[in-house]
Amino acid sequence: STMSFSEAEVQSARGAWEKIYVDAEDNGTAVLVRMFTEHPDTKSYFTHFTGMDSAEEMKQSDQVRGHGKKVFTAINDMVQHLDNTEAFLGILNPLGKKHATQLKIDPKNFKIICDIILQLMEEKFGGDCKASFEKVTNEICTHLNNIYKEAGW
């Protein structure tokens, strides 16, 4: 399945993403901390986070920070390839497979994390920023769901 981003959509999505990616580690951490706080069941996938209850503690954790940065780096790689479905899926496919088969992460969590990224964009940079990026998060979640189906989830 091909993605259909117009040149204008690609440019505005990249512009929106750049704003939040400038502080990849802090913003990636903020997204995870919000997810763990608002959806505590998501912590169960990260054995080393389970003992952490306070948002402050999570924010300081090297492991939370490291994973937050990892998530943002992966999305950044995808954002660079919005105009090339093959390259985009080249990044997303192995990630999706790993989360489905090895890590056994429920796919609903991808929607949660994408929604939190959009929330953060809106809070920090306004509704236009969020709107410019919504199509990207939809594509990511749609393709991840397909990868999960193929993996027999």
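Any value given below was found using the heavy atoms of this structure, including those in side chains, with hydrogens, waters and symmetry copies removed.
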- [ ] With sequence neighbours excluded, tell me which residues meet side chain to side chain contact (heavy atoms under 4.5 Å, CB included) with A30.
- [x] L120
TODO: Mind checking the CE-CG spacing from M78 to L92? Nearest 0.5 Å is all I need.
DONE: 4.5 Å
TODO: For the pair W17 and Y21, name the ring-plane relationship: parallel under 30°, tilted 30 to 60°, perpendicular over 60°.
DONE: parallel
Task: Closest contact, heavy atoms only, D77 versus I91 - done: O-CD1, 3.4 Å
- [ ] Supply the atom-to-atom distance S54 OG to F36 CZ, rounded to the nearest 0.5 angstrom.
- [x] 13.0 Å
Open item on the list: Checking the side chain of K135 only, and the main-chain atoms of S4 only, is there a donor and an acceptor separated by less than 3.5 Å?
Closed with: yes
Task: Stacked cation flag K130 on F125, 6.0 angstrom / 45 deg - done: no
Open item on the list: So, taking the atom named CG in L82 and the one named CD in E7, what distance separates them when rounded to the nearest 0.5 Å?
Closed with: 10.0 Å
TODO: Locate the shortest heavy-atom distance separating A13 from V136; write the atom from each residue and the value.
DONE: CB-CG2, 3.7 Å
Task: Minimum heavy-atom distance V64-M58, with the two atoms named - done: CB-O, 3.4 Å
Open item on the list: Could you report the tightest heavy-atom contact between D53 and E57, atom names first, then the distance?
Closed with: N-OE1, 3.7 Å
Task: Test item: R14 side-chain N/O and Q80 main-chain N/O as donor-acceptor pair under 3.5 Å - done: yes
Task: Min side-chain heavy-atom separation F72-I20 under 4.5 Å - done: yes
Task: Lys/Arg-Asp/Glu bridge criterion (N-O < 4.0 Å) met for R34, D115 - done: no
Task: Pairs meeting criterion ring pair (Phe, Tyr, Trp, His ring centres under 6.0 Å) with involvement of residues 99-119, two or more places apart - done: H99-F110, F110-Y148
Task: From CG (D106) to CD1 (I112), nearest 0.5 Å - done: 8.0 Å
Task: Validation row: K98, I105 side chains within 4.5 angstrom (heavy atoms) - done: no
Task: V31 and V71, any side-chain heavy atoms less than 4.5 Å apart - done: no
Open item on the list: Can you give me the closest heavy-atom contact between A151 and A100, atom names plus distance?
Closed with: CB-CB, 4.1 Å
Task: Heavy-atom pair with the smallest gap, counting every atom of K108 and D41 - done: NZ-OD2, 3.9 Å
Open item on the list: So I140 and L144, do their side chains get closer than 4.5 Å, heavy atoms only?
Closed with: yes
Open item on the list: Can you tell whether the side chains of E25 and K70 come within less than 4.0 Å, N to carboxylate O?
Closed with: no
Open item on the list: Rounded to the nearest 0.5 Å, what separates atom SG in C129 from atom CE in M121?
Closed with: 4.5 Å
TODO: Would you please test E139 and H143 for side-chain hydrogen bond (donor to acceptor under 3.5 Å, both in side chains) and show each step?
DONE: CA-CA 6 Å; E139 285 290 339; H143 286 292; 3.1 Å; yes
TODO: With the side chain counted from C-beta on, respond yes when I113 and L32 share a heavy-atom pair under 4.5 Å apart, and no when they do not.
DONE: yes
Open item on the list: For the backbone of G66 and the side chain of K69, can you confirm whether one donor and one acceptor N or O come within less than 3.5 Å of each other?
Closed with: no
Task: Beyond-backbone contact of F133 with D128, side-chain heavy atoms, under 4.5 angstrom - done: no
TODO: Indicate yes or no for a side-chain donor-acceptor contact from K124 to the backbone of N27 under 3.5 Å, with no hydrogens or angles considered.
DONE: no
Open item on the list: Do M52 and S61 make a side-chain contact, defined as non-hydrogen atoms from C-beta onward lying under 4.5 Å apart?
Closed with: yes
Task: Crowding at CD, E38 (>12 non-hydrogen neighbours, <6.0 Å) - done: yes
Task: Salt bridge present between K59 and D26 (N-O < 4.0 angstrom) - done: no
TODO: For N93 and L89, indicate whether the former's side chain and the latter's backbone hold a donor-acceptor pair under 3.5 Å.
DONE: yes
Open item on the list: If you define the side chain from C-beta out and look only at heavy atoms, does anything of Y45 sit under 4.5 Å from K104?
Closed with: no
Open item on the list: Please tell me whether V22 and L118 are part of a single hydrophobic cluster in this structure, the criterion being side-chain heavy atoms less than 4.5 Å apart.
Closed with: no
